[in-house]
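Report on one structure; see the data block that follows.
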Amino acid sequence: MPDLQCIEIDSIDDVSVVKLKDAKVMAPAQVETLGDELLSLVESNSGGDGPQASANVLINFENVRFFSSGAINKLIVLEKRVRANGGQIRLSNMQPEVRDLFSYTNLDQMFDILSTQAEAIESFENN
Amino acid sequence: MPSKWKYDQQIASDPDLCAPIIAQLLDQLAIFGWSTKDSFAIHMAMEEVILNAIRHGNECRKGTFVHVTMELDDLQFSSTVSDEGTGFDPAEVPDPTDNANLDKCSGRGVMLIKHFVDEVTYNACGNSVTLSKTKQTS
């Protein structure tokens, strides 16, 4: 996978763990890059000649202090693609303001949001 | 320190010009002692308003401009953002929190603007929005 500007990817217990690098996901070009990188993750999970990664994806928000509606839209697109691949998506480690953003918008009904990365990974195993 | 910060600029319809305005605003919010929570709310609302004007109002057309005014002191924030587009009716924007609309990518910005500030008013044709917020005292 080429160098990624916005995300770091790891694999833990058969879950693709994506850590968002930036504190603010706001500038339009940055939001577009984030969307492209997230979708490239799903595409690498869904085919190709290399080893298959898990269809399950966890997004770790530990570094994020601000998340725009444009960035939320990228997550929604990702969620649809992950679901189409037979996987599930979890979000974790949100700062209170970012967590509230998902509550205000009712998007916590679409996304399972866990306090910690460990809890999120465990929630996949329990499903 | 001045008792009030005022900003009044016409900016070209380039989405990349939003971030420097927000950076100035965040600096001033800190100088005037606004909390992290209030600053987050104003940041969120202003970014949405300015980007909506550039992208949806002016459709990023070269030669068009967005007029941004802001006033801030240690109690009150207010702003008016106007574009050159034909405007829209905010009442017609679907509710993004409705279960049927959760996975749609439109309308969330307008809803967030309303949520994060105390007052939002649009002019008659919907190409100019004025918003205000009072500092929370807790």
Side-chain angles (χ1 to χ4, degrees), chain A residues 5-6 22-36 38-39 42 57 59 61 63-85 87-89 91 94-113, chain B residues 11-23 25-26 29-30 34-56 58-60 66 93-117 136:
Chain A
Q5 290 180 38
C6 298
D22 298 313
K24 293 182 180 178
V25 185
M26 167 184 165
Q30 180 192 20
V31 170
E32 289 306 313
T33 302
L34 172 65
D36 291 344
L38 289 173
L39 288 183
V42 179
V57 176
I59 313 278
F61 277 71
N63 296 328
V64 177
R65 300 292 182 277
F66 182 86
F67 208 67
S68 68
S69 74
I72 288 175
N73 290 342
K74 299 299 181 189
L75 272 191
I76 291 171
V77 173
L78 175 71
E79 194 273 343
K80 290 177 181 174
R81 296 288 287 274
V82 168
R83 198 153 29 92
N85 283 351
Q88 296 179 340
I89 191 165
L91 313 180
M94 285 183 177
Q95 301 295 320
E97 289 83 4
V98 178
R99 177 66 183 80
D100 288 347
L101 183 61
F102 281 75
S103 298
Y104 303 143
T105 50
N106 277 359
L107 286 172
D108 50 1
Q109 293 180 23
M110 171 182 281
F111 295 100
D112 284 334
I113 303 174
Chain B
I11 62 165
S13 299
D14 176 353
D16 288 337
L17 297 180
C18 180
I21 299 172
I22 297 293
L25 172 61
L26 290 177
L29 286 163
W34 287 62
S35 68
T36 302
K37 187 176 180 182
D38 278 343
S39 295
F40 178 92
I42 292 172
H43 179 176
M44 196 81 206
M46 285 305 296
E47 190 214 346
E48 297 295 341
V49 165
I50 295 170
L51 286 178
N52 279 353
I54 292 172
R55 285 177 160 167
H56 303 303
N58 288 348
E59 298 173 322
C60 299
V66 171
V93 176
D95 179 1
T97 65
D98 189 291
N99 280 343
N101 298 329
L102 277 183
D103 65 349
K104 294 177 182 165
C105 290
S106 61
R108 198 157 284 109
V110 171
M111 177 259 173
L112 288 174
I113 294 162
K114 192 174 173 184
H115 177 84
F116 280 115
V117 296
Q136 292 187 350

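Lettering follows sequence order; numbering is per chain, from 1.
The OG atom of B:Ser39 sits 10.0 Å away from atom CD of A:Glu97, with the distance rounded to the nearest 0.5 Å. The CG atom of A:Asn106 sits 7.0 Å away from atom CE of B:Met111, with the distance rounded to the nearest 0.5 Å. Considering CZ of B:Arg108 and OG of A:Ser68, their distance stands at 11.5 Å, rounded to 0.5 Å.
Listed here is the closest heavy atom pair of B:Met44 and A:Phe66: SD-CE1, 3.5 Å.
Counting only distance, with no hydrogens or angles, the side chain of B:Glu48 and the backbone of A:Ser69 share a donor-acceptor pair below 3.5 Å.
Only the backbone of B:Pro96 has a heavy atom closer than 4.5 Å to any heavy atom of chain A.
Enclosure of atom CD in A:Gln5 is not indicated, since only 12 or fewer non-hydrogen atoms of other residues, nucleotides or ligands lie within 6.0 angstrom. Crowding of A:Lys80 atom NZ: a count of heavy atoms from other residues, nucleotides or ligands under 6.0 Å exceeding 12.
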> Going through the distances and angles, do A:Lys24 and B:Leu26 end up as a side chain to side chain contact (heavy atoms under 4.5 Å, CB included)?
Replying inline: CA-CA 13 Å; A:Lys24 293 182 180 178; B:Leu26 290 177; 3.1 Å; yes
